[in-house]
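Take a look at the structure set out below.
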Amino acid sequence: MEKELENLIEKTKISDLHIRYFRAIDEKTLDKNIVADTFTADGQIVKPNGAVSIGHHNILDGQLKSFARFQATQHTTSDFIIELNNDKATIRINLTAMHVWGDVDENPTLKGKHFHAGGVLTTKAIKTDNQWKISEWIFRNVWRTGEGMNEMAKFARPTE
């Protein structure tokens with residue numbers, strides 16, 4: 001019973017790590033400290049378009065550039081499946097996100113348009129110094145919809 005409680009506490013810490021990161025994106029408060037608290041030094045994000053960002057600086061830079069295009073986002077996570085193996089974890093999460101375009105110089109017709117996306121986020125986490133951090137983050141789109149989605153395909157996306 002004690003081991004089950006310990007595992008539950010660790011799984012809560014891991015889910016909280018993900019939720020806090022998305023909160024920072026949605027509240028536009030993402031900064032170097034949040035990235036450092038969330039990812040290992042060599043952590044990586046693999047975006048749906050296949051672009052990979054490795055390390056704190058590249059993750060922060062890529063995320064800030066990507067989300068600067070939107071006046072608002074809302075990410076909702078659910079159905080966390082967390083498998084613990086000592087100080088390592090693999091995580092599967094369902095993710096739904098809405099993106100509302102902001103001012104985009106390259107395409108002013110996007111402003112106010114939106115799109116929704118749903119998919120699966122798979123991550124790997126490592127516990128060091130009693131703190132969980134993500135070493136790998138891969139998001140795979142399952143579906144996308146919305147007027148702004150058609151425009152997204154025409155818009156030059158960051159390569160990082």
Open item on the list: Donor-acceptor check, side chain of H114 to backbone of G146, threshold 3.5 angstrom: yes or no?
Closed with: no

TODO: Please check if the side chain of D87 supplies one atom and the backbone of T128 the other of a donor-acceptor pair under 3.5 Å.
DONE: no

- [ ] Tell me, yes or no, whether the heavy-atom count around Q131 atom CD, taken from other residues, nucleotides or ligands under 6.0 Å, exceeds 12.
- [x] yes

Open item on the list: Just verifying a value: how many Å separate K13 NZ and L8 CG, rounded to the nearest 0.5 Å?
Closed with: 11.5 Å

Open item on the list: Could you check whether T77 and H18, counting side-chain N and O atoms only, form a donor-acceptor pair closer than 3.5 Å?
Closed with: no

Task: Flag side-chain contact, heavy atom, 4.5 Å: Q63 against V35 - done: no

TODO: Under 4.5 Å between side-chain heavy atoms, chaining through other members, with only Ile, Leu, Val, Met, Phe, Trp and Tyr counted: pull out the rest of the cluster around V100, sorted by chain and number.
DONE: M98

- [ ] Considering non-hydrogen atoms only, spot the tightest contact between A97 and H75 and give its length.
- [x] CB-CD2, 3.5 Å

Open item on the list: Just verifying a value: how many Å separate K133 NZ and T40 OG1, rounded to the nearest 0.5 Å?
Closed with: 8.0 Å

Task: side chain to side chain contact (heavy atoms under 4.5 Å, CB included) between F67 and T73, worked out - done: CA-CA 8 Å; F67 288 104; T73 61; 3.9 Å; yes

Open item on the list: Return the NZ to NZ distance between K124 and K88, rounded to the nearest 0.5 Å.
Closed with: 9.0 Å

TODO: Answer yes or no: is there a side-chain heavy-atom contact under 4.5 Å between K11 and F80?
DONE: no

Open item on the list: Is it true that, when you exclude K28 itself, more than 12 heavy atoms of the residues, nucleotides or ligands shown sit nearer than 6.0 Å to its NZ?
Closed with: yes

Open item on the list: Quick check for you: to the nearest 0.5 Å, what is the distance between H99 atom NE2 and L110 atom CG?
Closed with: 13.5 Å

Task: Minimal non-hydrogen separation, L84 against I14, with atom names - done: CD2-CD1, 3.7 Å

TODO: Would you check, one step at a time, whether the test side chain to side chain contact (heavy atoms under 4.5 Å, CB included) holds for L95 with T76?
DONE: CA-CA 6 Å; L95 174 65; T76 304; 5.9 Å; no

Open item on the list: side chain to side chain contact (heavy atoms under 4.5 Å, CB included), that's the test. Do K3 and N7 meet it? Break it down for me.
Closed with: CA-CA 6 Å; K3 183 67 173 170; N7 283 344; 4.0 Å; yes

Open item on the list: How close do S15 and T12 get, counting heavy atoms only, and between which atoms?
Closed with: OG-O, 3.1 Å

Open item on the list: Can you confirm whether R20 is buried at CZ, in the sense that more than 12 heavy atoms of other residues, nucleotides or ligands lie under 6.0 Å from that atom?
Closed with: no

Open item on the list: Is there a continuous path of hydrophobic side-chain contacts, each under 4.5 Å between heavy atoms, that joins I59 to I126?
Closed with: no

Task: Atom of N141, atom of P48 and distance for their closest heavy-atom approach - done: ND2-CB, 3.2 Å

Open item on the list: Closer than 3.5 angstrom, by distance alone: can the side chain of D61 be matched with the main-chain N or O of H57 as a donor-acceptor pair?
Closed with: no

Open item on the list: Taking the ring of F22 and the ring of W137, is the distance between their centroids below 6.0 Å?
Closed with: yes

Open item on the list: Does any part of the side chain of K111, heavy atoms only, come nearer than 4.5 Å to the side chain of W101, both counted from C-beta?
Closed with: no

- [ ] Enter the distance from T90:OG1 to E136:CD here, rounded to the nearest 0.5 Å.
- [x] 10.5 Å

Open item on the list: Could you check whether any side-chain heavy atom of D16 comes within less than 4.5 Å of a side-chain heavy atom of W132, counting everything from C-beta outward?
Closed with: no

TODO: Nearest 0.5 Å please: distance from the CH2 atom of W143 over to the OG1 atom of T96.
DONE: 5.5 Å

Task: Connected via hydrophobic side-chain network under 4.5 Å: I93 and F139 - done: yes

Open item on the list: When you measure from the side chain of T38 to the backbone of I34, do you find a donor-acceptor pair of N or O atoms at a distance under 3.5 Å?
Closed with: yes

TODO: Can you see which heavy atom on R144 is nearest to which on A117, and at what distance?
DONE: CG-CB, 4.1 Å

- [ ] List the atom of K47, the atom of G62, and the distance in Å for their closest heavy-atom pair.
- [x] NZ-O, 3.6 Å

